[in-house]
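Structure record follows, encoded as structure tokens.
Worth knowing before you read on, the calculation uses all heavy atoms, side chains too, and leaves out hydrogens, waters and symmetry mates. A note on names: the letters A, B, ... follow the listed sequences, proteins ahead of strands, and every chain is numbered from 1.
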2 protein chains.
Amino acid sequence: MLKKETQNLEIDNLDIQILTHLMQDATKPYTEIAKDLIISGGTVHVRMKKLSDMGIIKGSHLIIDPKKAGYDITAFLGIYLEKGSLYKDAVEHLSKIKEVVELHYTTGSYSMFAKITCRDTNHLRHVLNEEIQAVKGIQRTETLISLEESIKRQIELG
Amino acid sequence: MLKKETQNLEIDNLDIQILTHLMQDATKPYTEIAKDLIISGGTVHVRMKKLSDMGIIKGSHLIIDPKKAGYDITAFLGIYLEKGSLYKDAVEHLSKIKEVVELHYTTGSYSMFAKITCRDTNHLRHVLNEEIQAVKGIQRTETLISLEESIKRQIELG
DNA sequence: GTTGAAAAGTGCTGCGA
DNA sequence: TCGCAGCACTTTTCAAC
């Protein structure tokens with residue numbers, strides 16, 4: 001066996017079109033996608049299974065409107081660490097703060113970059129002053145409050 | 001009628017628990033959620049309809065792994081505008097660049113803040129130099145490349 | 001690898017409590 | 001307002017092309 005099962009390691013155009021449909025609406029019936037692409041429902045299923053096995057599909061999320069759920073404020077946080085080596089510790093602590101919804105280890109002036117969601121300004125202040133600042137190794141932070149989220153989408157494949 | 005239909009405007013604990021389940025996996029069967037919460041499947045359905053009508057539920061997305069789909073680089077962009085009034089124009093132009101997956105109008109030193117996803121460093125350079133810099137009104141940008149996404153999740157309700 | 005249909009499971013809509 | 005039961009639909013599987 002000179003070559004591995006290469007058929008499972010490639011993503012063709014059909015896969016991309018199926019994914020594009022489902023990335024917009026994860027509950028879209030396979031049969032409807034099949035109709036759109038003029039293939040059978042079984043094929044959609046086989047492709048999806050392949051993509052799942054490959055690990056490309058991580059799952060599906062219900063998207064809620066944070067504002068209507070009472071979470072009015074989205075903010076970004078540029079975080080300066082005392083030492084870069086404290087990164088792992090900081091991640092561990094920050095992951096326990098549920099308001100932190102994203103955390104990146106970045107190049108540039110900041111050591112880390114976080115996205116947080118809060119109910120209101122009071123909640124934000126509490127998270128910043130009590131929760132974030134208490135994390136060991138964090139020297140100081142810079143806050144960017146999002147006044148408007150103008151674009152929010154997933155990458156377009158292909 | 002002194003009071004409005006308050007029953008439809010409130011989110012109780014049951015709603016939150018249902019949402020929490022579905023936010024992690026949008027394809028989770030209602031019957032299974034019902035079993036977990038020791039209620040009937042019909043109740044789950046009624047609650048979900050209420051939440052949909054309220055507009056809290058915006059839809060569902062299939063989550064893919066950008067890295068495995070060939071998109072290796074996530075970067076954040078601090079954008080300086082020549083004039084704040086150019087914001088609307090800039091949004092319109094940036095929304096046409098598919099690599100821009102998020103765009104916020106923010107407080108702080110930047111006028112706007114964007115998140116972009118690219119295939120590789122060449123792709124990133126192309127997007128930055130050819131696409132972003134070509135947008136009218138953008139003075140300069142600061143790039144923060146994400147070397148590692150340590151946390152990625154949705155807000156926890158309740 | 002794809003198709004088309006049969007089998008199993010899920011979502012939806014009444015009625016009753 | 002909630003829970004149960006029947007109907008319609010989707011997902012899944014499988015034999016055949």
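Distance B/Leu14 CG to D/dG3 C1': 13 Å, rounded to the nearest Å. The interatomic distance linking B/Glu32 (CD) with C/dA8 (C1') rounds to 16 Å, in whole Å. Atom CG in B/Asp12 sits about 10 Å away from atom P in D/dT1, given to the nearest Å. Computed from coordinates, the A/Lys28 NZ to D/dT10 P distance equals 12 Å when rounded to whole Å. In this structure, B/Ile33 places its CD1 atom 12 Å from P of C/dC12, rounding to the nearest Å. Rounding to whole angstrom units, NZ of residue B/Lys50 and C1' of C/dT13 are separated by 19 Å. In this structure, CD1 of A/Ile39 is placed 13 Å from P of D/dT11, rounded to the nearest angstrom. Taking atom CE of residue B/Met48 and atom P of nucleotide C/dC12, one finds them 9 Å apart after rounding to whole Å.
The phosphate of C/dT2 (OP1 or OP2) has a side-chain N or O of A/Arg47 nearer than 4.0 angstrom. Regarding contacts with the backbone of C/dT3, a side-chain N or O of A/Thr43 is found under 4.0 angstrom from either OP1 or OP2.
A/Phe113 and B/Ile73 fall into different hydrophobic clusters, defined by Ile, Leu, Val, Met, Phe, Trp and Tyr side-chain heavy atoms under 4.5 Å apart, directly or through other members.
B/Tyr87 is listed as a side-chain neighbour of A/Glu148, based on a closest heavy-atom distance under 4.5 Å.
The side chain of A/His45 approaches D/dT13 more closely than any other nucleotide in the set D/dT13, C/dT10, C/dT3. Each of C/dG11, C/dT2, D/dG3 was ranked by its minimum atom distance to the side chain of B/Pro29; first place goes to C/dG11. Here the nucleotide nearest the side chain of B/Tyr30, chosen from C/dC12, C/dG1, D/dC2, is C/dC12.
Checked against a 6.0 Å centroid threshold, the rings of B/Phe76 and B/Tyr110 do not count as neighbours.
The line from CD of B/Glu156 to CD1 of B/Ile16 is 10.5 Å long, rounded to the nearest 0.5 Å.
Of the charged side-chain nitrogens involved, at least one lies within less than 4.0 Å of a carboxylate oxygen, so that A/Glu102 and B/Lys115 count as a salt-bridged pair.
When each of B/Ser40 and A/Thr27 is assigned the nucleotide of DNA chain D with its nearest heavy atom, B/Ser40 is the one assigned upstream, toward the 5' end.
Residue contacts shown for B/Thr31 are limited to sugar-phosphate atoms, with no base heavy atom under 4.0 Å away.
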